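Computed from a predicted model, the values in this text were never measured in an experiment. Order of appearance sets the numbers: ligands from 1, and atoms from 1 within every ligand.
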Amino acid sequence: MVMSNAWSIWIIVIVALHIIAYAWLLFSTSKMKAKDHKKGETTGHEWDGIKEYNNPLPKWWLYMFVLTIIFAVVYLVLYPGMGNYKGTLDWTQEKEWAAENEVVKAKKAELFATFINKSIPEMIKPVINEDGSIDNTAMEIGERLFANHCSTCHGSDAGGAIGFPSLIDDDWLYGSKPENILQSIAQGRNGVMPPWGAALGDEGVTQVAAYIRNFTVPGQDQNEVAEGQKKYSMFCIACHGADAKGNQMLGGPNLTDDIWLHSYDDSRLESIIRDGIAAIMPKHKELLDDDSIKVLAAYVYSLQNEQ
Ligand code: HEC
Ligand code: HEC
């Protein structure tokens, strides 16, 4: 941080005055020589009958103070402390942080080196060591990264919540292949379901809802279902597919299974069709390094392949 010159000078003056004042205080209190000292002389202070003798400071005590003053002066030459003066070592917090960061990175690279070049389907397999012990480092790291970066939205068991997809079922908005998962994490996703109330009208919304509901709750009014199917073919096919089983290119969910991204009670289906809805998976490319994203993708991939 660079201060204005006035502040810089102000700080230099305060620091220098302090050091000079300490040195003077030390000098003036140590003036009394041991040989001038009269035994039994008191300072005149007395508390409850206890008198304070006027004895000189012990030598070692005095030297300790002298050392602290020398330390302060040397420190202020080497390190920043005198206003904007940078110190001869050119030390900064940023450089110290960067150096520590390099150490952490090197340690991490060493740890990741054992698995990071494997393909994702290979990475999820535990390695059996020569001594028979099982090494599952990659997935242990993945689990920790998931807890830190993903569990707030997807749940600590990755089971999802209303508006946040479950990552442990086999229902995928954008696909379950390693490359789909990698892209979801690195680039983020932005699922937008446009509102259809204006295009469909109230009756149309009821009919399309009946058509969709009929997949999971059969026995809906068959006239409504038939009308709804026609309207579905006009307005919804592009994103949810001809058979309503979804479109992973656009993140249009499968509407025929009983897995819902958004909460469903009786009128919620209608309100989503009428008003639209959206959900955002944040882009993690800028938050995490490529290796961590690969380990996370492998971890997510392992969740479906474990079952
Ligand atoms: C701020 C909340 C939030 C965070 C944090 C978050 N996600 Fe997501 N994620 C979402 C939402 C919402 C979606 C669904 C997006 C959509 O509907 O288009 C999603 C979708 C996904 C998908 C696609 C699922 C599918 O069915 O295709 C994957 C994979 C995923 N997230 C993994 C992760 C991982 C791994 C992390 C941690 C690095 C993470 N998410 C962090 C909210 C979040
Ligand atoms: C432009 C593409 C697009 C069109 C067209 C579209 N949808 Fe969607 N729809 C989506 C997306 C994307 C989502 C997921 C929204 C999210 O990620 O939050 C969605 C979500 C839904 C949901 C909620 C699903 C769930 O699991 O909670 C329903 C119901 C739905 N759409 C019905 C329809 C109907 C009915 C039509 C036609 C009238 C339609 N959609 C047209 C893209 C579309």
Side-chain angles (χ1 to χ4, degrees), residues 142-156 158 160-201 204-213 215-216 228-241 244 246-265 268-289 292-304:
E143 191 174 3
R144 277 198 295 276
L145 285 170
F146 192 89
N148 283 339
H149 299 281
C150 324
S151 59
T152 37
C153 292
H154 292 284
S156 49
I162 295 163
F164 303 104
S166 161
L167 304 175
I168 52 180
D169 58 16
D170 54 9
D171 185 43
W172 293 84
L173 296 165
Y174 298 94
S176 59
K177 296 200 195 84
E179 60 270 26
N180 305 136
I181 298 173
L182 265 176
Q183 188 178 346
S184 291
I185 303 170
Q187 311 292 337
R189 300 288 190 179
N190 194 356
V192 181
M193 157 77 182
W196 296 101
L200 290 168
V205 169
T206 312
Q207 292 164 341
V208 182
Y211 168 67
I212 292 171
R213 200 170 273 130
F215 289 115
T216 46
Q229 181 162 19
K230 283 187 208 149
K231 297 200 164 86
Y232 178 90
S233 305
M234 278 168 71
F235 296 109
C236 322
I237 275 188
C239 301
H240 293 283
N247 177 342
Q248 295 186 341
M249 299 286 287
L250 295 159
N254 183 344
L255 304 174
T256 66
D257 57 12
D258 204 7
I259 299 172
W260 302 103
L261 176 59
H262 299 284
S263 146
Y264 272 13
D265 53 37
R268 181 83 170 126
L269 184 51
E270 279 81 354
S271 76
I272 288 177
I273 297 171
R274 195 186 321 112
D275 305 327
I277 201 157
I280 291 176
M281 159 71 195
K283 181 200 277 194
H284 280 76
K285 206 172 56 168
E286 278 121 41
L287 302 170
L288 296 164
D289 58 90
S292 300
I293 289 180
K294 188 170 177 188
V295 175
L296 273 166
Y299 176 71
V300 171
Y301 185 74
S302 78
L303 298 173
Q304 47 168 339

Next item on the list: Would you check the N or O atoms of His284, main chain and side chain alike, for any that come under 3.5 Å of an N or O of ligand 1?
Entry: no

Check: Nearest protein heavy atom to atom 12 (C) of ligand 1, by residue and atom, and its distance?
Finding: Ile280 O, 3.3 Å

Note to self: Tell me the angle that SD of Met281 and NE2 of His154 form around atom 8 (Fe) of ligand 1, rounded to 10°.
What the structure shows: 180°

Check: Considering only heavy atoms, which of Ala297, Gly142, Cys150 lies nearest to atom 36 (C) of ligand 1?
Finding: Cys150

Check: Should His262 be counted as touching ligand 2, given the test is an N or O pair under 3.5 Å?
Finding: yes

Check: Which part of Val192 is near ligand 2, with near meaning a heavy atom under 4.0 Å away: side chain, backbone, both or neither?
Finding: backbone

Notebook entry, point to check: For atom 26 (O) of ligand 1, what is the nearest protein heavy atom, given as residue, atom name and distance?
Noted result: Leu173 N, 2.8 Å

Notebook entry, point to check: Is it the side chain (CB and beyond), the backbone, both or neither of His240 that lies under 4.0 Å from ligand 2, heavy atoms counted?
Noted result: side chain

Next item on the list: Say whether Gly251 and ligand 1 are in contact under the criterion: heavy-atom distance to a ligand atom below 4.0 Å.
Entry: no

Check: Among Ile181, Leu167, Leu303, which one has a heavy atom closest to atom 32 (C) of ligand 1?
Finding: Leu167

Notebook entry, point to check: Is the closest N or O pair between Leu261 and ligand 2 shorter than 3.5 Å?
Noted result: yes

Margin query: Given Ala244, Pro165, Gly191, identify the one with the heavy atom nearest to atom 15 (C) of ligand 2.
Written below: Gly191

Next item on the list: Could you name the option among Cys236, Ala279, Gly204, Ala238 that has the heavy atom nearest to atom 34 (C) of ligand 2?
Entry: Cys236

